[in-house]
2 protein chains.
Amino acid sequence: MSVQERKERERADRERLIVATARELAEQQGWDAVTTRRLAERIEYSQPVLYSHFRGKREIIGAVALQGAAELAVTLRAATSGAPAAEGPRARVSALAHAYLDFAGRHPAVYDAMFQLDGGLPFAHEDTPQPLKDGFAALLETLAEVAGDGVDPGLFTEVFWASLHGLATLTRAGRLPRAEAARRTELLVDRLAALPADA
Amino acid sequence: MSVQERKERERADRERLIVATARELAEQQGWDAVTTRRLAERIEYSQPVLYSHFRGKREIIGAVALQGAAELAVTLRAATSGAPAAEGPRARVSALAHAYLDFAGRHPAVYDAMFQLDGGLPFAHEDTPQPLKDGFAALLETLAEVAGDGVDPGLFTEVFWASLHGLATLTRAGRLPRAEAARRTELLVDRLAALPADA
DNA sequence: ACTCGATGCTAGCACCGCTAGACAACCGAG
DNA sequence: CTCGGTTGTCTAGCGGTGCTAGCATCGAGT
């Protein structure tokens with residue numbers, strides 16, 4: 001069955017190519033520029049090929065979103081584990097927040113695919129895809145220790161995440177001046193993180 | 001020049017009709033359903049008429065956004081002034097937050113026009129339209145008193161607004177379960193509002 | 001009463017997401 | 001080695017989008 005295996009491999013390769021190309025095009029020119037025609041041309045296949053891999057444009061966005069979620073989780077864990085342990089939770093939370101906003105700023109198209117556009121992915125649901133759950137888990141790990149007494153860590157993480165999301169989207173849409181983004185982040189961390197002992 | 005005045009009046013009426021119809025259609029079926037053809041049919045004119053009032057669809061969204069911003073400002077002021085003064089700033093901020101999120105939930109299309117879609121409006125800029133400035137001012141009035149010592153009230157308001165915006169958008173997009181929305185709001189208010197004296 | 005400019009219309013452009021149906025290339029069987 | 005059938009890809013096209021050119025009609029001012 002080597003022939004069939006080869007075909008499956010090639011097919012998987014092409015699927016990765018589609019997702020990577022869609023992402024690249026979106027980062028370069030925005031999601032509006034990601035049309036099935038342009039995407040097909042870039043991968044050097046005709047449009048219907050896209051539909052043999054994905055149900056439609058929405059699913060392609062969803063695939064980019066999943067990829068992005070996995071990367072975001074890695075990025076966040078790297079940022080928090082990189083912060084000096086001696087500096088306590090405050091430093092970890094700050095590193096987490098900055099890493100999150102940095103990711104959103106660096107990969108706006110991927111961020112949009114995850115949280116702004118409709119990728120057809122189920123959130124906050126039992127059958128939420130693993131990468132999305134894992135992204136949330138990466139936040140939870142660091143934020144749980146500053147949730148405060150009697151506060152559900154999950155709920156606290158949701159609130160913190162929402163706040164970061166608000167900063168990310170409003171800043172990128174030009175609703176908030178980019179200049180003082182860092183000060184806003186610090187202010188948010190100061191207020192939201194209930195500090196057990198130190199300041 | 002009564003003739004000309006009448007024409008101008010009729011023209012202004014028709015412009016209001018366009019905006020109101022666009023808003024209505026968006027609230028009923030979402031902004032995707034607001035196409036120039038459908039909109040033209042509803043106002044009982046042909047498509048090109050729309051373009052004699054607005055540069056394009058974007059400007060129509062912008063007009064809805066401005067209308068919404070004015071309403072939001074009124075709503076927020078009503079909510080904060082309605083809160084019993086005796087209960088202190090905490091109650092006012094809570095009322096403000098709930099009013100904001102309630103507005104976003106009640107008028108999702110208008111909220112999208114303001115903060116999610118591109119209406120071509122300049123934000124955080126000197127020539128930002130008055131209704132938008134006023135909406136921000138309505139937030140600032142109540143939030144300034146809980147910004148805390150040494151914290152720029154404007155910056156604090158931006159952070160608070162961003163957090164509310166994050167909750168609003170993530171909740172409405174199904175990214176956060178709607179069930180505990182109120183608890184999230186209270187948690188946010190508890191943490192962000194620096195309370196001068198009482199609890 | 002007639003001219004002429006303003007105004008709204010029909011028709012059409014280029015593009016969108018998506019799909020039906022024709023066609024070619026390849027595989028396994030005889 | 002040839003043939004039949006399946007698998008896969010392409011061309012062409014559908015109904016929709018935002019937007020615009022150019023014509024026809026209507027009404028105001030002389």
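Numbered from 1 within each chain, the chains take letters A, B, ... in sequence-line order. Here the structure is a predicted model, which is why all the values come from computation and not from measurement. Every heavy atom of this structure was used, including side-chain atoms; hydrogens, water molecules and symmetry mates were not.
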> Just the rounded figure in Å: distance from P of D:dC19 to NZ of B:K57.
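The answer, rounded to whole Å, is 8 Å.
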
> B:R58 has an atom CZ; how far is it from atom P of D:dG18, in whole Å?
14 Å

> Listed in order of residue number, which residues of residues 26-54 of chain A have a non-hydrogen atom at under 4.0 Å from DNA chain C?
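Those residues whose heavy atoms fall under 4.0 Å from DNA chain C, taken from residues 26-54 of chain A in numerical order, are A:V34, A:T35, A:T36, A:R37, A:R38, A:Q47, A:P48, A:Y51.
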
> For A:F123, give me all partners under ring pair (Phe, Tyr, Trp, His ring centres under 6.0 Å), at least two apart in sequence or on another chain.
none

> Does B:E24 pair with B:R38 as a salt bridge, N-O distance under 4.0 Å?
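Salt bridge: no.
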
> Whether the B:S94 and B:E186 side chains hold a donor-acceptor pair (N or O, under 3.5 Å, no angle test) is what I'd like checked.
yes

> Could you list all the salt bridge (charged side-chain N to carboxylate O under 4.0 Å, His left out) pairs where at least one residue sits in residues 168-184 of chain A, not counting sequence neighbours?
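Sorted pair list: A:D112-A:R172, A:E180-A:R183, A:R184-B:E158.
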
> Please identify each residue that fulfils ring pair (Phe, Tyr, Trp, His ring centres under 6.0 Å) with B:H107, with sequence neighbours left out.
B:F103

> Could you please spell out the steps behind the ring pair (Phe, Tyr, Trp, His ring centres under 6.0 Å) verdict for A:W161 and A:F156?
CA-CA 8 Å; A:W161 171 39; A:F156 176 75; over 10 Å; no

> Return yes if a side-chain donor-acceptor contact under 3.5 Å exists between A:H165 and A:Y111, otherwise no.
yes

> Rounding to an integer number of Å, can you tell me how far B:I60 CD1 sits from D:dT17 P?
14 Å

> For DNA chain D, determine which residues of residues 9-19 of chain B have any heavy atom closer than 4.0 angstrom to one of its atoms, and list them numerically.
none

> Under the salt bridge (Lys or Arg N to Asp or Glu O under 4.0 Å) test, which residues partner B:D13, sequence neighbours left out?
B:R16

